[in-house]
Visitor: 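One structure is given below, represented as structure tokens, and several questions about it will come after.
Each chain gets a letter, A, B and so on, in the order the sequences are listed, and its residues count up from 1.
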Amino acid sequence: MLDTALAGLVNGSSYALLALGLSLIFGVANVINFAHASVFAVGAMSGWWFSVDLGWPLWTVLLGVMAVTGLLGLVINLVAVTPLAKAPPIAALLSTFAVSVVVDNGAQLVFGPETRRFPALLATDNLGLGGLRFGTLDVTILAVAIGLMLVLGWFLRATRYGRAIRAVAQDRDAAAQMGIPLARVQNLAFVVASVLGGVAGVLGGMYLNNISPTVGSTVGMSAFAAATLGGLGSLPGAVAGGLLLGVVEAFGVSWWGGNARTLITFAVLLLVLWVRPSGLFGKRSPLAAEPMTGTFFGAARTVRLRPWQVAVAAVAAYVVPAVALDDYTVQIGVQVVVYAILALSLTLVSGQAGQISLGQAAPLAIGAYTSALLTTGTGLDFWLSLPISGLVAAVLSVALVSPSWRLRGHYVSIATLATGLLVAAAAVNFDWLTNGPSGVSAIPPPTLFGAPVSAPLAVYFLDLTILLVVLLLVVRLRRSTLGRIWSAIREDEVAARSSGIAAAEYKSLAFGIGGFVAGIGGALFAQQYGYIDPSVFGISVSLLALTIVVLGGLNSPLGAVVGAIVLVGLPEALRMLEETRMLTYGLLLLAVVLFRPQGLMGKVAR
Amino acid sequence: MISRRGLFTAAAGVGATAVLASCGRLSGEQTAAAPAPAAGPIFFGVSAPLSGASAEYGKIWRTGFDLALDEINGAGGVKGRKIELLWEDTQSDQKQSVPVAQKFAGDSRILAELGDFASPASMAASPVYEKAHLVQFGFTNSHPDFTKGGEYMWSTSTTQQDHAPELADLAKSLGTKQAVYYINTDWGKTTWKLYEEHAKKSGYEIVHSEAVQADGSDFRPSLINGRDKGADVLVFIAYYQAAALLTQQAKNVGLAQAKIALPSSAYSPQYVALGGEATEGAQLIVRFHPGDPRPQVREFVDKYQKRYGKQPDDFGAGAYDALKILAWAVEHSDGTREGVRKALLEGKEIPSLLYGPFSFREDRRVTTPKSTRLVVKGGAFTLVGA
């Protein structure tokens, strides 16, 4: 018991270190910084390089790493966050995600992908308590986390710059009017947070023993959970959240086994948010939260195509692949179509109703598993499984998201993020239902007119037809009364509620219909590959779907299709780059978010 | 102005024509691929993780492949033609391995395919290769079902069916109370099932078993469970990274006295490099080890060591061997895709680094010789008893 708790505390203090930086950046820039975990990884990798290849002692290693990551933080802010200050918060979130892709893959190129041993610059097993051996290192990590929390707390309270940071965090516009140099304060916050991230990287590297350029992603999601748990923007909250999460995880793992860890992490996060919507230590901002999608739509209009243009495009979508494209390209086309369907579900949820979902892989997974299990387990026909998949995904989507209606601002999107991860973790853990990590194989192809639909072109025709139906549905919904009600909620929820609109119910409806569409997409997805497992529905799928709609223009159904063509096609078009493919992809993604935050199919009204 | 109805009719007409025109492609039967060109280089497709979490294995493959390519092409190639590889990055993700398979299938220059790294990524792509009559040589795919995907799925990997019982026997020889930790991937779970089956049949005592996260970093709570149940031998069904972490952390929770047994996928110099002193005394079963006295192995290890400055591991040797076997198959074929499969099917005494001369079984796998036991001694792998 005691040593399980201790092991949890030790592990939790490394979450706390990362969560501190996340919280600081959130407080100042109001941005969820997806790149923070990558900064951690760069800290660990450069620390390894300084100490192993250059043979530096611990204190110079620390200084070197602080310089590297501080600079990296500054660059991240200048390149990816500051230029988007006026864009909706969702744009900055996606740009930090793009940065994380760039940094992770860049580090993999610079340092090589190998896992390596981080030298133990501090002892790791010279102390003991109740059967558990730990070391100076573990005590140091805990002390550094608490020490940094105190020092930062003092800095924020007692110094001029600290007060400026707090003022900006409380009210950006008022702070600017009082003459606080916003740009400089935000730079400072990023540098400080990233320096912390670097220190966390060195200590975390020693603690983890083994590191690789992708080490950030492992710890990053837990740190996210810790920061949110404690209350975004609260420093004591970050530390308390980290430690609490560490201990809860340790006991959870001890009782339910190691593979339940992710499930525990995000279940705990959701439960805490449902009870305390602003985290343990978070304060509810007296100011009405700006919607994640921003008040952007007023300025952006979607490009509208004439009916004959749509008709020509639709016919071309059938004819061109049949006549001019080889099976490989058609196979990519199938993926484009499925992602377009997934993105259309977000056009409803995020574009129409203004609710950002970072977990749309959840209904996709639910739909895919429902269809796969029904067709393989009970021999049900694919065509019957299709609507059932949509319905199950819709019901579960609503059930999972509805407790979040008490949440506001970023907490809603983090709750959807947690939901997405939770569903994937459930697929791993609920062996009896989903066959766990082995996945479901030998999913039969659908049959049409007595013939199996399995050749790439046949699958493409089938999926494309369903896409067109979904597209029609979404367009019709947008123009209906329901669509207008969703728009009203998106533009001003308070005003909408004052006019007697039951906002929570209508938001649930948006998630329900969106879940249905995504579930249909999931069923197609499962049939297309004939094989699914939980790893297919990772967070990258959710983020890709969201990027597609943002790129296409959040409010434009056609944009979702165009975005899918670009973002799914791009990694394939970059194939000749081999090792630098994902790096280039990340850079292009970043460029797109930076230069076209209103989307390809949106135009700014003059 | 064209009326809507007219527009629709026209569209339907064009669509129907296109559908009719593409009827052959809809039925699922691949029209015979264009014949492979008879001159110029011979190509093999490689479906591999070059980025993402498994990228380091793709990199190790490259070392083995490059060495084999230099040997083959240095000696004049196959049938007087050079061999070249077409690499495609899949991140070992089935969302990407399927389109890559489609790409290879449509490229008539390609005579055979190597990979993918993880069995799920390979198995998702198998139907495409099967339809294209293209040999899919999944030399790391230990999933028992991989070669059941069709007549074109071949593998030189040991299956978990052979491997898991040997691992259980190894653990039995080290202690009486086993705690087994397996990574929660398809591979880990399958190996564990087969392990458990064998252990039950043989009456071995397993005091604790637990699935752990393959990319996890903190295994202490799980290890404490095993410690509290009095385990004296720990079995880590994992790749070398997780195995190294588990080994280290076992020491931290007071399991320093427990013996450690590992499968061959943990076999890599990296295991010792990452795990440090804690790995001392750990035992593994392997199919390949660089200390093997066979002259062929000695020559390979020397070349590898010279070129890369380190000893080859199981993945590097496996990649080298796989490419050599495919080159042999092309040499003994009529230079077509079908010919490659026939050569593998009919080949007797196929030369191999890992197994010596062998032939494939009916299930397109290799009858693996009894594996070797290694122990970590003074920071290096040595034969047990040596």
Visitor: Under 4.5 Å heavy-atom distance to chain A, tell me which part of B:Glu210 shows up: side chain, backbone, both or neither.
Guide: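 Just its side chain gets close to chain A.
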Visitor: Please flag which part of B:Lys103 lies under 4.5 Å from any non-hydrogen atom of chain A: side chain, backbone, both or neither.
Guide: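 Both parts, backbone and side chain.
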Visitor: Please tell me whether B:Ser122 and B:Asn141 have a donor and an acceptor in their side chains that are separated by less than 3.5 angstrom.
Guide: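 Looking only at side-chain atoms, B:Asn141 and B:Ser122 do form a donor-acceptor pair, the distance falling under 3.5 Å.
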Visitor: Strictly distance-based, threshold 3.5 Å: is any side-chain N or O of B:Ser92 a donor or acceptor partner for the main-chain N or O of B:Ala118?
Guide: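 Such a contact is found between B:Ser92 side chain and B:Ala118 backbone.
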Visitor: Salt bridge or not for A:Arg575 and A:Glu572, using N-O below 4.0 Å?
Guide: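 A:Glu572 and A:Arg575: salt-bridged.
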Visitor: Which answer fits B:Gln270, side chain, backbone, both or neither, if we ask what part of it has an atom under 4.5 Å from a heavy atom of chain A?
Guide: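 The side chain, not the backbone.
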Visitor: Less than 4.5 Å to any heavy atom of chain A: does that hold for the side chain of B:Lys189, its backbone, both, or neither?
Guide: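 Looking at B:Lys189, just its side chain touches chain A.
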Visitor: Counting only heavy atoms closer than 4.5 Å, note whether B:Ala273 contacts chain A via side chain, backbone, both or neither.
Guide: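 Backbone only.
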Visitor: For B:Asn225, which atoms come within 4.5 Å of any heavy atom of chain A: side chain, backbone, both, or neither?
Guide: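 The side chain, not the backbone.
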Visitor: Is the distance between the ring centroids of B:Tyr57 and B:Trp61 under 6.0 Å?
Guide: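 When the ring centroids of B:Trp61 and B:Tyr57 are compared, they turn out to be at least 6.0 Å apart.
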Visitor: Test the B:Arg62-B:Trp87 pair against the cation-pi criterion, namely NZ or CZ under 6.0 angstrom from the six-membered ring centroid and within 45° of the ring axis.
Guide: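 Judged by the rule (NZ or CZ under 6.0 Å from the ring centre, within 45° of its axis), B:Arg62 counts as positioned above B:Trp87.
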Visitor: Restricting to salt bridge (Lys or Arg N to Asp or Glu O under 4.0 Å), what partner residues turn up for B:Asp145, sequence neighbours left out?
Guide: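 Salt bridge (Lys or Arg N to Asp or Glu O under 4.0 Å) check on B:Asp145 returns B:Lys148.
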Visitor: Quick check on B:Gln248 against chain A: is it the side chain, the backbone, both or neither that has a heavy atom closer than 4.5 Å?
Guide: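 Contact with chain A: side chain only.
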Visitor: For B:Ser51, is it the side chain, the backbone, both, or neither that has a heavy atom closer than 4.5 Å to a heavy atom of chain A?
Guide: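 It is both, since atoms from each part get that close.
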